[in-house]
Amino acid sequence: QVLLVESGGGLVQAGGSLRLSCAASGSRFSIRSMAWYRQAPGNERDLVASISSVGNTYYADSVRGRFSISRDNAKNTMYLQMNSLKPEDTGVYYCNAARAPFFPWGQGTQVTVSS
């Protein structure tokens with residue numbers, strides 16, 4: 001079973017940057033396409049960016065050009081570099097598989113962008 005722990009969130013002003021990390025336990029992390037998801041208050045959890053096991057990436061239109069997803073399979077870790085942050089990027093960020101079957105969801109990490 002893969003356990004996921006997100007970290008790196010915080011409070012930042014608009015235009016600032018944050019780097020999120022997702023640490024995974026278990027051997028199946030490296031063979032799965034993984035993704036970052038964002039859940040804003042009152043909204044559903046939406047996919048923000050994904051990365052395949054070999055590094056192919058996808059970005060939602062709202063973050064393309066500002067966010068960069070990467071992974072280090074040797075360290076069982078995935079990252080999300082977020083630049084030029086906007087207030088609408090505020091939410092709880094989760095990592096998980098890019099498609100079902102999903103791993104158990106972690107606690108997420110809160111990102112708050114002030115205007």
Side-chain angles (χ1 to χ4, degrees):
Q1 186 70 292
V2 172
L3 298 179
L4 303 167
V5 178
E6 302 91 348
S7 63
L11 172 63
V12 63
Q13 289 187 333
S17 298
L18 285 172
R19 189 192 195 206
L20 306 184
S21 297
C22 170
S25 65
S27 60
R28 299 194 63 80
F29 171 84
S30 62
I31 65 173
R32 295 290 306 274
S33 291
M34 295 294 294
W36 284 97
Y37 299 82
R38 177 173 66 204
Q39 187 166 23
N43 289 359
E44 296 183 351
R45 193 174 294 168
D46 296 323
L47 189 147
V48 171
S50 66
I51 184 167
S52 73
S53 59
V54 295
N56 297 318
T57 58
Y58 163 83
Y59 298 94
D61 288 344
S62 60
V63 306
R64 188 174 293 116
R66 300 186 298 119
F67 289 11
S68 178
I69 188 171
S70 61
R71 67 191 297 169
D72 186 338
N73 288 337
K75 295 182 178 180
N76 270 12
T77 304
M78 180 174 67
Y79 306 96
L80 186 67
Q81 178 67 44
M82 306 187 295
N83 299 326
S84 303
L85 282 161
K86 304 176 180 180
E88 50 264 43
D89 294 320
T90 293
V92 181
Y93 285 71
Y94 301 87
C95 62
N96 211 312
R99 59 189 63 84
F102 295 102
F103 302 121
W105 292 90
Q107 294 296 311
T109 186
Q110 174 71 45
V111 172
T112 303
V113 185
S114 63
S115 57

*Asks:* List the residues meeting side-chain contact (heavy atoms from CB on, under 4.5 Å) with A14, not counting sequence neighbours, and say none if there are none.
*Replies:* P87, V113

*Asks:* Provide the full list of salt bridge (Lys or Arg N to Asp or Glu O under 4.0 Å) pairs with a residue in residues 82-97, sequence neighbours left out, each pair given once.
*Replies:* R38-D89, R66-D89

*Asks:* Can you pull the disulfide (SG to SG under 2.5 Å) pairs that have at least one residue in residues 28-107, sequence neighbours excluded?
*Replies:* C22-C95

*Asks:* Are W36 and V12 grouped together when hydrophobic residues (ILVMFWY) are joined by side-chain heavy atoms under 4.5 angstrom apart?
*Replies:*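 Yes; V12 is reachable from W36 via cluster members.
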
*Asks:* Hey, any chance L85 and L80 share a hydrophobic cluster, counting ILVMFWY side chains that come within less than 4.5 Å of each other, even indirectly?
*Replies:*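 Linked within one cluster.
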
*Asks:* What are the two closest heavy atoms between G9 and V111, and how far apart are they?
*Replies:*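 Reported closest heavy-atom pair: CA-CG2, 4.1 Å.
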
*Asks:* Restricting to side-chain hydrogen bond (donor to acceptor under 3.5 Å, both in side chains), what partner residues turn up for N43, sequence neighbours left out?
*Replies:* none

*Asks:* Quick one: list whatever passes side-chain hydrogen bond (donor to acceptor under 3.5 Å, both in side chains) with T112, sequence neighbours left out.
*Replies:* Q110

*Asks:* Using a 4.5 Å cut-off on heavy atoms from C-beta on, say whether the side chain of Q39 contacts that of Y93.
*Replies:* no

*Asks:* Is there any salt bridge (Lys or Arg N to Asp or Glu O under 4.0 Å) pair reaching into residues 39-56, and which pairs are they, with sequence neighbours excluded?
*Replies:*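 Applying salt bridge (Lys or Arg N to Asp or Glu O under 4.0 Å) to every pair that reaches into residues 39-56, excluding sequence neighbours, yields nothing.
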
*Asks:* Using a 3.5 Å distance criterion without hydrogens, assess whether the side chain of R32 forms a donor-acceptor pair with backbone atoms of S52.
*Replies:* no

*Asks:* Cluster partners of L11, using ILVMFWY side-chain heavy atoms under 4.5 angstrom, listed by chain and number?
*Replies:*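 L11 clusters with nothing; isolated.
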
*Asks:* For residues T109 and L20, determine if any side-chain heavy atom of one lies less than 4.5 Å from a side-chain heavy atom of the other.
*Replies:* yes

*Asks:* In the single-linkage hydrophobic clustering (I, L, V, M, F, W, Y; side-chain heavy atoms under 4.5 Å), do V48 and L18 co-cluster?
*Replies:* yes

*Asks:* Just wondering, are more than 12 heavy atoms of other shown residues or ligands nearer than 6.0 Å to CZ in R28?
*Replies:*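 Not buried by this count: 12 neighbours or fewer within 6.0 Å.
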
*Asks:* Could you tell me if the side chain of I51 sits less than 4.5 Å from the side chain of N56, heavy atoms only?
*Replies:*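 SC-SC contact between N56 and I51 ruled out.
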
*Asks:* Any side-chain hydrogen bond (donor to acceptor under 3.5 Å, both in side chains) involving residues 5-26? Give me the pairs, sequence neighbours left out, ordered by first then second residue.
*Replies:* S17-N83

*Asks:* For a 4.5 angstrom cut-off between non-hydrogen side-chain atoms, does M34 reach N73?
*Replies:*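 No - every pair of side-chain heavy atoms lies 4.5 Å or more apart.
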
*Asks:* Sequence neighbours left out, what pairs pass ring pair (Phe, Tyr, Trp, His ring centres under 6.0 Å) with at least one residue falling in residues 41-91?
*Replies:*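 Every candidate ring pair (Phe, Tyr, Trp, His ring centres under 6.0 Å) pair involving residues 41-91 fails, so no pair, neighbours aside, qualifies.
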
*Asks:* Other hydrophobic cluster members with I31, side-chain heavy atoms of Ile/Leu/Val/Met/Phe/Trp/Tyr under 4.5 Å, chained?
*Replies:* none

*Asks:* Pairs of donor and acceptor atoms involving the side chains of residues 96-108, under 3.5 Å and at least two apart or interchain, shall be tabulated with distances.
*Replies:*
| unit_1 | atom_1 | unit_2 | atom_2 | d |
| --- | --- | --- | --- | --- |
| N96 | OD1 | F103 | N | 2.9 |
| N96 | ND2 | F103 | O | 2.9 |

*Asks:* Taking all non-hydrogen atoms of both residues, which atom of L47 and which atom of A35 are closest, and how far apart?
*Replies:* CD1-CB, 3.9 Å

*Asks:* Minimum heavy-atom separation for T77 and A23, please, with both atom names.
*Replies:*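 Closest heavy-atom pair between T77 and A23: OG1-CA, 4.5 Å.
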
